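Shown next, in structure tokens, is the structure this report addresses.
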Amino acid sequence: MRAFVFPGQGAQVVGMGRELAEAYPAARAVFAEVDEALGESLSDLIWNGDIETLTLTQNAQPALMATSLAAFRALEAEGFGIADADFVAGHSLGEYSALCAAGALSLADTARLLRLRGQAMQEAVPVGQGAMAAILGLDFAAVDQIARDAAEGEVCQAANDNDPAQVVISGHKAAVERAAALAKERGAKRALMLPVSAPFHSALMQPAAAVMAEALAAVEIAAPAVPLVANVRAEPVSEPGAIRRLLVEQVTGAVRWRESVEFLAGAGVTEFWEIGAGKALSGMIKRIAKDAAVRNIGVPADIAALRA
């Protein structure tokens with residue numbers, strides 16, 4: 001069995017997707033449709049812009065989705081499609097890419113939703129008040145307890161359960177800094193403050209969740225061609241109403257990536273294709289499901305290797 005998985009924020013690089021667009025008209029058409037949906041040339045920023053502007057949340061989210069969908073359309077041009085997957089999943093914004101690839105969301109709607117999601121998440125908390133940190137070398141239960149102990153009346157919570165030894169915490173800046181220091185005291189190998197502009201996947205994102213609830217209510221969501229393993233539940237979902245609810249929950253809820261991959265492996269998935277920019281998910285998957293085969297689909301050479 002096979003799962004198609006789609007990366008989240010942090011994978012962005014200037015130039016991503018350009019080779020795909022040059023090699024495949026179907027990939028080029030994805031970037032053109034996203035540009036039209038947003039009313040601006042996001043593709044020019046992706047290919048010719050500066051990394052600081054591309055990394056702004058409202059740009060990075062639709063840009064990473066566009067790159068993933070360009071790679072997916074290139075796969076389709078070579079005879080591989082959603083029928084070759086048994087499940088889809090995505091890390092945070094990658095969940096939108098997964099739903100678009102599986103036919104649950106239109107490309108234009110996905111681009112507009114992610115632009116809005118990025119803006120709403122950025123505006124939910126004034127710059128400098130929130131923070132995120134990666135805790136390495138401790139499991140989720142230990143980091144979850146550290147976040148609770150460090151909160152001291154502020155928001156501090158485990159936000160991304162990425163793999164057995166990497167958990168990201170999110171919340172008020174002072175609380176996250178307290179938790180990072182406490183993690184080192186309790187045996188973490190490292191505690192790294194992350195260069196992000198907002199405390200994603202924490203209760204501080206509630207204003208953004210409200211914005212997304214309204215936006216998602218106005219968008220048509222179809223049943224995906226294959227089940228989505230949802231971030232906040234780590235279990236499959238196909239019913240459009242449930243997908244809509246979980247996408248809202250996801251804004252403030254933890255990304256349960258480790259559990260999602262464990263579910264997929266337990267369901268019989270032996271092969272994961274990471275579709276889009278970077279290889280961050282592949283590294284996580286190898287640490288979670290050690291016997292699984294992992295393949296990256298991000299440039300034409302990857303697709304040529306698949307054909308061969």
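None of the values given here were measured: they were computed from a predicted structure.
The list of ring pair (Phe, Tyr, Trp, His ring centres under 6.0 Å) pairs with a residue in residues 30-86, not counting sequence neighbours, reads F31-W47, F80-W273. Applying the ring pair (Phe, Tyr, Trp, His ring centres under 6.0 Å) test to residues at least two apart or on different chains, none of the pairs has a partner in residues 100-156. Under the side-chain hydrogen bond (donor to acceptor under 3.5 Å, both in side chains) criterion, the residue pairs touching residues 164-175 are N162-Q166, K173-E177, with sequence neighbours excluded. Under the side-chain hydrogen bond (donor to acceptor under 3.5 Å, both in side chains) criterion, the residue pairs touching residues 75-87 are Y24-E78, R73-E76, E78-R307, with sequence neighbours excluded. Counting only residues at least two apart or in different chains, salt bridge (charged side-chain N to carboxylate O under 4.0 Å, His left out) contacts with residues 156-168 comprise D161-R258, D163-R287. Residue pairs meeting the ring pair (Phe, Tyr, Trp, His ring centres under 6.0 Å) criterion with at least one member in residues 206-241, sequence neighbours excluded, do not occur. The list of ring pair (Phe, Tyr, Trp, His ring centres under 6.0 Å) pairs with a residue in residues 228-260, not counting sequence neighbours, reads H91-W257.
Closest of all the heavy-atom pairs between C156 and A179 is SG-CB, 3.8 Å. Shortest non-hydrogen contact noted between M16 and A277 is SD-CB, 3.7 Å. Closest of all the heavy-atom pairs between L204 and P199 is CD1-CG, 3.8 Å. Heavy atoms only, all atoms of each residue included: A198 and M132 are closest at O-SD, 3.6 Å. Minimum heavy-atom separation, P224 to V237: CG-O, 4.2 Å. Closest heavy-atom contact between T57 and P62: O-CD, 4.4 Å.
Looking at R256, its side chain does come within 3.5 Å of a backbone N or O of V232 through a donor-acceptor pair. Judged by distance alone, with hydrogens and angles left aside, the side-chain atoms of D35 form a donor-acceptor pair with the main-chain N or O of L42 at under 3.5 Å. Using modelled atom types, one side-chain atom of E274 and one backbone atom of L281 make a donor-acceptor pair closer than 3.5 Å. For R178 (side chain) and A150 (main-chain N/O), a donor-acceptor pair under 3.5 Å exists by modelled atom type.
Residues V127 and Q122 are in side-chain contact: their nearest non-hydrogen atoms beyond the backbone lie under 4.5 Å apart. Here the side chains of L113 and L105 are in contact, with some heavy-atom distance below 4.5 Å. Contact annotation: the side chain of M121 approaches that of Q61 to within less than 4.5 Å [non-hydrogen atoms, C-beta and beyond].
By the neighbour-count criterion of 12 heavy atoms within 6.0 Å, atom CZ of R233 is sparsely surrounded, having that number or fewer from other residues, nucleotides or ligands. Counting non-hydrogen atoms of neighbouring residues, nucleotides and ligands closer than 6.0 angstrom, the CG atom of D291 reaches no more than 12 such neighbours. Atom CZ of R295 has more than 12 heavy atoms from other residues, nucleotides or ligands within 6.0 Å.
For the atom pair CG (D109) and CG (L114), the distance works out to 11.0 Å, reported to the nearest 0.5 Å. Note that CZ of R245 and CG of L247 are 11.0 Å apart. Values are rounded to the nearest 0.5 Å. Atom CG of residue L56 and atom CD of residue Q119 lie 10.5 Å apart, to the nearest 0.5 angstrom.
Not counting sequence neighbours, Q157 has no partner by the side-chain hydrogen bond (donor to acceptor under 3.5 Å, both in side chains) test. Scored by the side-chain hydrogen bond (donor to acceptor under 3.5 Å, both in side chains) test, D302 finds no partners at all (sequence neighbours excluded). The side-chain hydrogen bond (donor to acceptor under 3.5 Å, both in side chains) search around E214 returns none, not counting sequence neighbours. In this view, R244 and L216, I221 satisfy the side chain to side chain contact (heavy atoms under 4.5 Å, CB included) rule, not counting sequence neighbours. For R2, the side-chain hydrogen bond (donor to acceptor under 3.5 Å, both in side chains) partners two or more places apart in sequence, or in a different chain, are E271.
Follow the hydrophobic side-chain contacts under 4.5 Å out from L116 and you reach V219 in the same cluster. F6 is connected to I82 through a chain of hydrophobic side-chain contacts under 4.5 Å among Ile, Leu, Val, Met, Phe, Trp and Tyr, so both are in one cluster.
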Practice task
Output, in order, the C-alpha distance, side-chain angles, deciding distance and verdict of side chain to side chain contact (heavy atoms under 4.5 Å, CB included) for M205 and H201.
Solution key: CA-CA 7 Å; M205 289 287 109; H201 299 290; over 6 Å; no
Practice task
List the steps, then state whether side chain to side chain donor-acceptor pair (under 3.5 Å) holds for R115 with N59.
Solution key: CA-CA 7 Å; R115 166 54 57 83; N59 294 327; 3.1 Å; yes
